[in-house]
Every structure is written in structure tokens, then in C-alpha cells.
Amino acid sequence: MSFLEFKNVEYSYVGGDDELVSALKDISLTVERGEFVALVGCNGSGKSTLARLCNGLIAPDGGEVLVDGKPTTDKSALFDIRKKIGIVFQNPDNQMVTTIVEDDVAFGPENLGLKPDEIRARVDWALKSVGMSEHAKSGPFRLSGGQKQRVAIAGVLAIKPELMILDEATGMLDPNGRREVLEVVKKLNRDENMAVIMITHFMEEAAAADRIIVLNKGSIAADGGKELFNTPEVFEDAGLDLPLYVRLARRLNDIGMDVGCPLTADEFAAAVAAIATEGGKR
């Protein structure tokens with residue numbers, strides 16, 4: 001049984017003139033424990049709607065969303081479902097509820113009714129996991145954007161979810177802040193076996209995932225590994241750019257430098273280095 005499963009899910013919003021606007025159409029997918037999935041698509045493709053369906057913030061109009069076998073429409077299961085799936089949103093300032101970092105991280109465990117000793121342990125663990133222990137007593141307003149988002153992640157972590165969803169969580173950050181958050185997410189996925197769905201329009205972030213789902217106008221256009229980058233039309237049709245290293249590889253191949261079809265930035269760097277070394281020996 002998959003941890004998260006969408007079965008033929010449909011969802012529509014009420015738009016202007018009270019007309020229904022379809023956001024998601026016949027979505028079927030699964031996410032397993034420990035998976036790192038990137039969900040990509042341009043604005044309006046349905047990414048945030050899908051995120052909110054995952055833990056029952058909204059209910060599908062058709063089909064079914066199951067978390068650990070339990071439908072999100074089962075109100076008696078919602079509390080348990082929301083403990084298992086945490087969402088980090090785009091603007092960290094909107095997720096801060098207190099004036100002290102450690103109090104903010106403690107907010108979730110306190111609402112779960114945990115004992116003080118357990119709350120303390122979870123707060124310490126969560127802050128350490130995101131590299132923010134030294135800021136435990138700080139005010140969030142003193143932090144950079146990347147640091148604030150790491151605190152927001154810690155707040156979700158303290159609930160100890162089995163799946164973390166980052167809904168454009170790096171969208172308002174500078175490149176350094178994005179790198180900070182991505183490294184934290186990769187570490188949690190690797191060291192804690194935490195499943196991750198990273199919703200992003202930064203394709204370099206998507207390239208860090210094990211699996212990529214492309215949404216286009218509310219439908220799944222593609223679902224696969226990094227080999228999807230070898231079919232650029234999938235991304236171009238969805239209004240997305242390929243990762244920089246993939247675009248560079250294509251350019252180099254076009255001018256006769258055969259670097260192949262690298263699936264990661266490291267593979268691309270190694271291919272370029274090999275050609276440079278070979279050239280230097282001639």
C-alpha cells in the first residue's frame with residue numbers, strides 16, 4: 001500500500017461569474033515512504049491545489065485521496081492525516097506565530113498535546129536538523145529569508161511528519177537562501193527517510209529529486225526520473241525551462257563537444273572535465 005495515493009482526482013474552483021474552473025483533471029499518482037518527488041509546472045497548473053488535497057485542507061470534487069489507506073474525506077481521520085503530512089508554504093513570515101524561534105517551533109507539538117519533555121526534545125532536534133540551534137532564542141524578525149524558511153521547516157519537522165510538502169517554499173528566497181533550504185530538505189530525506197514533495201518552478205531544484213512529476217493545465221504531463229530531461233518538449237510544452245546544466249549540455253553537443261545526456265550537474269561537470277583533460281593531452 002502506497003503512503004499517499006490519488007485516484008482519479010478532480011478539483012474545480014468557483015471563478016468569475018460563479019463559473020466552475022477546473023484546476024485538476026483525473027489525477028492518479030502515488031508517493032512512497034522515503035521518496036523525494038519534485039512537482040513542477042507553471043503558474044495555474046494546479047500544483048498548490050494538489051498540495052492542499054494531500055492532507056485534507058481541501059476535499060476532491062471527484063476521485064479519492066488516501067493517506068496510509070485512509071481517505072482525506074474521513075473527518076475522523078483528519079487529525080492523524082495532518083500529523084503525517086506537513087506543508088511548508090512560500091512566505092515564511094506568514095508561518096511565524098510567536099516572537100521567539102524555539103517557541104514557534106514548539107507550537108505544533110504543543111497543539112498535539114505532547115508532554116513538555118517531549119516537546120523540548122522535538123524542538124531541539126528540529127532546530128538542529130535545519131542548522132538553526134544557535135538561533136533558538138532569537139526573534140524571527142532578525143533572521144534572513146533563508147533562515148526564516150528553515151525555522152518554518154523546523155516547525156513542521158517538530159510534528160515528525162512522514163511526508164513534508166514544500167509548496168514553492170523557496171520562491172521568495174535569493175539563490176543562497178534557496179540552496180540553504182534545498183540542502184536541508186535533501187538531508188532530511190537522506191538521513192531521516194522522510195518523504196518529500198517539493199513544488200517548485202526552479203528546475204535546478206527539481207533536478208535534486210529522485211522523481212519528477214510535470215503538471216500542465218491540471219493534468220499530469222509526465223512522471224519519471226531525471227531521464228525526463230532527455231525529452232525537453234515535455235517541459236517546454238508545460239512552459240518550463242530545462243535545468244541550466246541540461247541546456248549547456250545540449251549547446252555543447254550541438255557544437256560538436258560530445259558530453260552526452262548528463263542526468264545530474266555532477267555528471268555534466270565530469271563530462272566537461274573529461275573532454276578538457278583529453279584535449280590537454282593532445
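Positions are given from 1 along the sequence.
Not counting sequence neighbours, the partners of E118 by the side chain to side chain donor-acceptor pair (under 3.5 Å) test are R122. Residues satisfying the salt bridge (Lys or Arg N to Asp or Glu O under 4.0 Å) criterion with D80, sequence neighbours excluded, are K70, K84.
No donor-acceptor pair under 3.5 Å is formed between the side chain of E180 and the backbone N or O of R150.
Here CD of E64 is found 10.0 Å from CG of D74. Values are rounded to the nearest 0.5 Å. Rounding to the nearest 0.5 angstrom, the gap separating the CD atom in Q147 from the OG atom in S144 is 3.5 Å. Note that CD of E205 and NZ of K186 are 10.5 Å apart. Values are rounded to the nearest 0.5 Å. Here the straight-line distance linking atom CG of L66 with atom OG1 of T72 works out to 7.5 Å at 0.5 Å rounding. Atom CZ of F3 sits about 4.5 Å away from atom CD of E162, to the nearest 0.5 Å.
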Can you give each donor-acceptor pair under 3.5 Å made by side-chain atoms of residues 52-60, sequence neighbours left out, with the distance rounded to 0.1 Å?
| residue | atom | partner | partner atom | Å |
| --- | --- | --- | --- | --- |
| R52 | NH1 | S48 | O | 3.3 |
| R52 | NH1 | D167 | OD2 | 2.8 |

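Between Y245 and F229, the ring planes are perpendicular. Angles over 60° get that label, and only those under 30° would be called parallel.
Grouping the Ile, Leu, Val, Met, Phe, Trp and Tyr side chains by contacts below 4.5 angstrom, directly or via other members, places V196 apart from I199.
A salt bridge does not link R179 to D174: none of the charged side-chain nitrogens sits closer than 4.0 Å to a carboxylate oxygen. Between K148 and D93 there is a salt bridge, since at least one side-chain N of the basic residue sits less than 4.0 Å from a carboxylate O of the acidic one. Under the 4.0 Å criterion applied to side-chain N and carboxylate O atoms, R120 and D124 are assigned as salt-bridge partners.
Judged by a 6.0 Å distance limit and a 45° cone about the ring axis, R178 is positioned over the six-membered ring of F202.
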